[in-house]
2 protein chains.
Amino acid sequence: MEQDVIPAPAAAQKGRPREFCVDQALAEALHVFWAKGYDGASMTDLTEAMGITKPSLYAAFGNKEALFHKALDLYEQEKLEYGRAALEQPTARKVAEYYLRGAIDVHGGTSDPKGCMGLISSLACSPEAESIKADVVRRRASSQRALVERFERAKAEGDIPAHVDAEGLTSVLYALLQGISVQAGAGATPAELERLVDTSMTLWPSP
Amino acid sequence: MEQDVIPAPAAAQKGRPREFCVDQALAEALHVFWAKGYDGASMTDLTEAMGITKPSLYAAFGNKEALFHKALDLYEQEKLEYGRAALEQPTARKVAEYYLRGAIDVHGGTSDPKGCMGLISSLACSPEAESIKADVVRRRASSQRALVERFERAKAEGDIPAHVDAEGLTSVLYALLQGISVQAGAGATPAELERLVDTSMTLWPSP
DNA sequence: CCTGTTCCATAACGGTCGGTATATAATGTG
DNA sequence: CACATTATATACCGACCGTTATGGAACAGG
């Protein structure tokens, strides 16, 4: 079958153009999921915040679950960027501190909802949200693995005492990050969270 | 108005006796709340697990929220007992280790649901469950205060270096406990959690 | 027995959930 | 203009939510 060369007008929309910005609507949806969790965010909550109707949402994003996965992508790109930057810090101590201070900024700030969106949406697991939880757990395991490798490199560089378990240390750091999110969500002030981080750093193993 | 002296037969039931054991039904309800969280546990889930009908539940416990508070009482009494025992350990290090190992037993075991019931029910906050969250936060703050006092005593006893912040250290320990619950809920094995605790203990400040 | 009280069982209440069918409005193309 | 295509708006779907009204069953006291 011969196929005509498509002029490729890049955005040749044939029908009626949509009246809202997909990216902006997704950002609003992210905010709702972040504040209420996957189960707690109703379609009415979402459509009202996004400023669109339900059919528009389904046409643009598929369904609630697909919308959440896209929102989680955006969340990781925009809000968990500090995790990638942390790995590039010169010493293990600075890696940890970058992580912890970043968590305070993102999860304890005032402009965004308190706490971690992944935690909020995955801890309470309604039966139909099991795939949501699996997605969050998978992403967390992936980034955790990168941190283990970073700490093993630090051990090789003499940056961390040889007797310290890199995997154990990673679990400890992640536990602290999760604790920061939990306490931020429970109403802890940034000052209290900084006290937590300051004390954590005094405990950090010196090379 | 003169009032007759009530013979007080202690359990003078006048009507038809109930056909189920309230304590046992409450224990079943606890299990459901623990596994699914407050919002995730439906009345149907609860009544089926408790082996009673909805009118029986309402007559015996009031409503869903009152049932949850009673279940939370039972949870604290039975499952968070180790928290009180931990405070009586001779040294701050042993207090912390008792806490952390206890958390693995309760939240990482196989007989009960994984994770912390309070966390699961309070992190995702549907608008009508705000009082649930407030109750959990209040109970946590109360027990956290007791731990701060214990660590301040430890500092006075030379058990913890003077330069360590007792409140900060308490926040750190609680963050670790919350992290243990989160990771247990995400599927971490007891061995992984023990690795977390072992590493935490190597970081613990020596007097 | 009868009455009062308490409990169980069924069924229903209004409301919200995620998801859609239908009809209409707005665009590009002939 | 007609036509195909796409987006919007309204109204609706069956299922489930927490809660309760109703009617009958089991007990104590008279």
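Letters go in sequence order (proteins before strands), and every chain restarts at 1.
Closest approach to the A:Pro55 side chain among D:dT19, D:dT8, C:dG18 is made by D:dT8 (side chain taken as heavy atoms from C-beta onward). Closest to the B:Asn63 side chain, of the nucleotides D:dT19, D:dT8, C:dC8, is D:dT19. For A:Arg16, whose side chain is taken as the heavy atoms from C-beta onward, the closest listed nucleotide among C:dT10, D:dT6, D:dT20 is D:dT6.
Protein atom CG of A:Leu57 is 15 Å distant from nucleotide atom C1' of D:dA9, rounded to whole Å. Atom pair A:Tyr58:OH and D:dA7:C1' shows a separation of 17 Å (rounding to whole Å applied). Distance A:Arg18 CZ to D:dA9 P: 13 Å, rounded to the nearest Å. Atom NZ of A:Lys54 and atom C1' of C:dA21 are 13 Å apart (whole Å). Taking atom CE on B:Met43 and atom C1' on C:dA9, their separation rounds to 15 Å, with Å as the unit. Atom pair A:Glu128:CD and C:dG19:C1' shows a separation of 13 Å (rounding to whole Å applied). Remark: P of D:dT6 and CZ of A:Phe61 are 18 Å apart, rounded to the nearest angstrom. Atom pair B:Leu67:CG and D:dT19:C1' shows a separation of 14 Å (rounding to whole Å applied).
Within the 4.0 angstrom heavy-atom criterion, only backbone atoms of the sugar-phosphate kind lie near A:Glu19; the bases stay farther away. Residue-level contact check: B:Pro17 touches the backbone only, with heavy atoms under 4.0 Å from sugar-phosphate atoms and none from bases. In this structure, B:Ala60 reaches neither bases nor backbone, as no heavy-atom distance under 4.0 Å exists between it and the strands shown.
Under the 4.0 Å criterion applied to side-chain N and carboxylate O atoms, B:Arg138 and B:Asp135 are assigned as salt-bridge partners. Salt bridge annotation for A:Glu97-A:Arg101: present, with a cationic side-chain nitrogen under 4.0 angstrom from a carboxylate oxygen.
Between the A:Arg140 side chain and the A:Leu119 main chain, no donor and acceptor come within less than 3.5 Å of each other. A donor-acceptor distance shorter than 3.5 angstrom exists from the side chain of A:Asp45 to the backbone of A:Ser42, with no hydrogens or angles considered.
Taking the six-membered ring where the residue is Trp, B:Tyr82 and B:His107 present perpendicular rings, their angle passing 60° and hence far from 30°.
A sub-4.0 Å separation between OP1 or OP2 of C:dT16 and a side-chain N or O of A:Ser42 is absent. Between C:dC7 and B:Ser56, no contact under 4.0 Å exists linking OP1 or OP2 to a side-chain N or O.
Each of B:Gly15 and B:Lys64 lies near DNA chain D, and the nucleotide nearest B:Lys64 is the one positioned closer to the 5' end.
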